[in-house]
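When reading the values below, keep in mind they use all heavy atoms of this one structure, side chains included, and skip hydrogens, waters and symmetry mates.
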Amino acid sequence: MEPILEIKHLNSFYRQGGNAFSKGKTVQVLKDVSVTIHQGEVLGLVGESGSGKSTLAKSILGMTEYQGTITHHSRRPQMVFQDPYSSLNPAFTIRRIVEEPLRIYGKYSPQERRRRAEEMLESVGLGPEFHDRKPAQLSGGQRQRVSIAAALILKPKLVILDEAVSALDVTIQDQILDLLMELRETYDLSYLFISHDLNVIYQCCDRVIVMQKGVIVEENTVDGIFDQPVHPYTKQLLKAAE
Ligand code: ADP
Ligand code: MG
């Protein structure tokens with residue numbers, strides 16, 4: 001399988017307390033992380049809260065300081081976050097929210113932007129009756145559909161889903177997971193699927209990496225992780241998910 005993203009010996013840092021006279025101190029979060037995401041695969045990233053999962057996502061998008069190499073073999077990845085409410089502009093209609101990345105990109109006429117946004121909303125299951133609504137008029141699941149449409153409008157090949165279904169009830173989670181798997185086929189996507197919840201990871205991932213305190217402690221197929229976990233931390237996560 002062709003790689004879509006290659007990360008080698010990544011060490012990621014946050015800087016704290018800097019000012020005009022001092023750079024502040026750096027806090028290292030990720031330690032020697034190497035991982036490859038292949039075209040078309042769903043790679044799960046699991047670990048407890050604070051283990052560094054979002055930091056890996058941020059490093060991929062260039063939002064942290066880091067050492068090591070991150071090689072992209074496709075267009076810029078797009079990201080879907082846990083809480084669609086805080087990431088959707090409450091003043092905009094959902095059509096406008098989905099159009100917005102195209103405005104910034106600047107290549108299309110207003111008619112073409114609108115057509116593309118409406119088509120993308122259709123493919124995430126939001127018909128014309130939703131186009132003029134504001135985020136507050138939607139359910140949590142519907143808002144997450146809007147976030148997904150806004151992430152896909154620029155036709156990325158890799159999408160990072162950071163706890164994208166974690167805030168939703170289980171039945172809504174299942175609907176969004178089904179949608180994500182359908183969109184993956186339609187648009188030939190790869191996902192980095194981040195979750196603290198192994199049950200969700202089990203439902204949708206091909207391969208899984210397990211992160212503890214900024215270190216990848218185990219990497220295997222989803223069946224390998226669930227049937228023959230090797231690292232004590234993986235076993236502990238599995239026990240907690242029973
Ligand atoms: P996860 O997504 O697995 O819950 P994070 O990547 O958000 O974990 O956080 C990993 C560690 O990095 C935590 O200890 C957290 O406190 C720290 N951290 C996250 N963001 C920042 C930041 N902007 N500045 C300093 N430390 C941070
Ligand atoms: Mg996180």
Side-chain angles (χ1 to χ4, degrees), residues 1-16 25-74 77 79-82 158-167 173 177 180-181 184 189-242:
M1 275 198 295
E2 293 287 310
I4 195 160
L5 182 77
E6 288 175 284
I7 297 171
K8 291 199 176 119
H9 304 296
L10 179 73
N11 293 282
S12 298
F13 309 87
Y14 293 108
R15 196 174 284 284
Q16 285 179 332
K25 67 172 176 131
T26 55
V27 181
Q28 180 166 6
V29 175
L30 299 185
K31 293 163 196 133
D32 197 27
V33 167
S34 295
V35 57
T36 299
I37 306 177
H38 301 100
Q39 259 165 36
E41 85 171 337
V42 183
L43 178 67
L45 169 56
V46 72
E48 67 198 322
S49 177
S51 55
K53 306 182 298 298
S54 295
T55 301
L56 181 59
K58 286 191 230 166
S59 294
I60 291 170
L61 296 173
M63 293 158 63
T64 69
E65 292 188 26
Y66 70 84
Q67 293 165 355
T69 58
I70 300 178
T71 312
H72 293 268
H73 297 278
S74 76
M79 184 126 154
V80 177
F81 298 94
Q82 169 167 9
L158 173 62
V159 180
I160 301 173
L161 302 152
D162 190 357
E163 305 280 5
V165 301
S166 301
Q173 268 189 358
L177 290 176
L180 288 169
M181 294 311 126
R184 170 198 181 190
L189 302 171
S190 310
Y191 294 140
L192 175 59
F193 191 97
I194 299 175
S195 180
H196 68 280
D197 184 345
L198 265 171
N199 292 312
V200 173
I201 294 271
Y202 184 67
Q203 284 182 61
C204 66
C205 296
D206 302 312
R207 225 153 45 85
V208 183
I209 53 180
V210 181
M211 183 173 276
Q212 180 188 29
K213 294 180 183 155
V215 176
I216 293 180
V217 296
E218 188 155 358
E219 171 174 357
N220 206 341
T221 60
V222 74
D223 289 337
I225 290 282
F226 278 80
D227 297 341
Q228 290 142 350
V230 175
H231 197 277
Y233 182 68
T234 310
K235 293 180 184 170
Q236 183 192 321
L237 287 178
L238 282 164
K239 209 162 166 49
E242 270 170 11

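- Around atom CZ of F226, more than 12 heavy atoms belonging to other residues, nucleotides or ligands sit under 6.0 Å away.
- In terms of heavy-atom proximity, N11 sits nearest to D32 at OD1-N, 3.0 Å.
- Summarising the geometry of G52 relative to V29, their closest heavy-atom pair is CA-CG1, 4.0 Å, with the distance given to 0.1 Å.
- Residues I160 and L56 fail the side-chain proximity criterion, which asks for heavy atoms closer than 4.5 Å.
- For the residue pair S12/T55, the side-chain donor-acceptor check at 3.5 Å is not satisfied.
- Proximity of a side-chain donor or acceptor of K53 to a complementary backbone N or O of G47 within less than 3.5 Å is detected.
- Here Q39 pairs with nothing under the side-chain hydrogen bond (donor to acceptor under 3.5 Å, both in side chains) rule; sequence neighbours left out.
- At a threshold of 4.5 Å between non-hydrogen side-chain atoms, the residues Q212 and S51 do not count as touching.
- For the residue pair I60 and P77, the shortest heavy atom distance occurs at CG2-CG, 4.1 Å.
- Summarising the geometry, atom CD1 belonging to I4 is positioned 9.0 Å from atom NE2 belonging to H73; distances are rounded to the nearest 0.5 Å.
- Rounding to the nearest 0.5 Å gives a distance of 8.5 Å between OG of S49 and NE2 of H196.
- A heavy-atom distance below 4.5 Å is not found between the side chains of H38 and D206.
- Side-chain contact between F193 and E41: absent, with no pair of heavy atoms (C-beta onward) separated by less than 4.5 Å.
- In terms of heavy-atom proximity, T36 sits nearest to L43 at O-CD2, 4.3 Å.
- Under a 3.5 Å cut-off, the side chain of Y191 and the backbone N or O of C204 do not form any donor-acceptor pair.
- R207 and N220 get closest at one heavy-atom pair: CG-O, 3.3 Å.
- Between the side chain of D162 and the backbone N or O of F81 there is no donor-acceptor pair closer than 3.5 Å.
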I'd like a table of donor-acceptor pairs (distance under 3.5 Å, sequence neighbours excluded) in which one partner is a side-chain atom from residues 232-242, with atom names and distances.
from	atom 1	to	atom 2	distance (Å)
Y233	OH	E48	N	2.9
Y233	OH	E48	OE2	3.3
T234	OG1	E218	OE1	2.7

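- Heavy-atom contacts from other residues, nucleotides or ligands closer than 6.0 Å to NZ of K213 number 12 or fewer.
- In this structure, CD1 in I70 is found 12.5 Å from NZ in K8, a value given to the nearest 0.5 Å.
- When every heavy atom of Y66 is checked against every heavy atom of S59, the shortest pair comes out as CE2-O, 4.0 Å.
- The side-chain heavy atoms of Q173 and V200, taken from C-beta on, include a pair separated by under 4.5 Å.
- Note that the CD1 atom of I216 and the NE2 atom of H231 stand 12.0 Å from one another [nearest 0.5 Å].
- Between the side chain of T64 and the main chain of Y14, no donor-acceptor pair closer than 3.5 Å is present.
- Remark: L5 CG to L158 CG distance equals 6.0 Å, nearest 0.5 Å.
- Looking only at side-chain heavy atoms (C-beta outward), E65 and R15 come within less than 4.5 Å of each other.
- Taken to the nearest 0.5 Å, the CD atom of Q28 stands 7.5 Å off from the CD atom of Q67.
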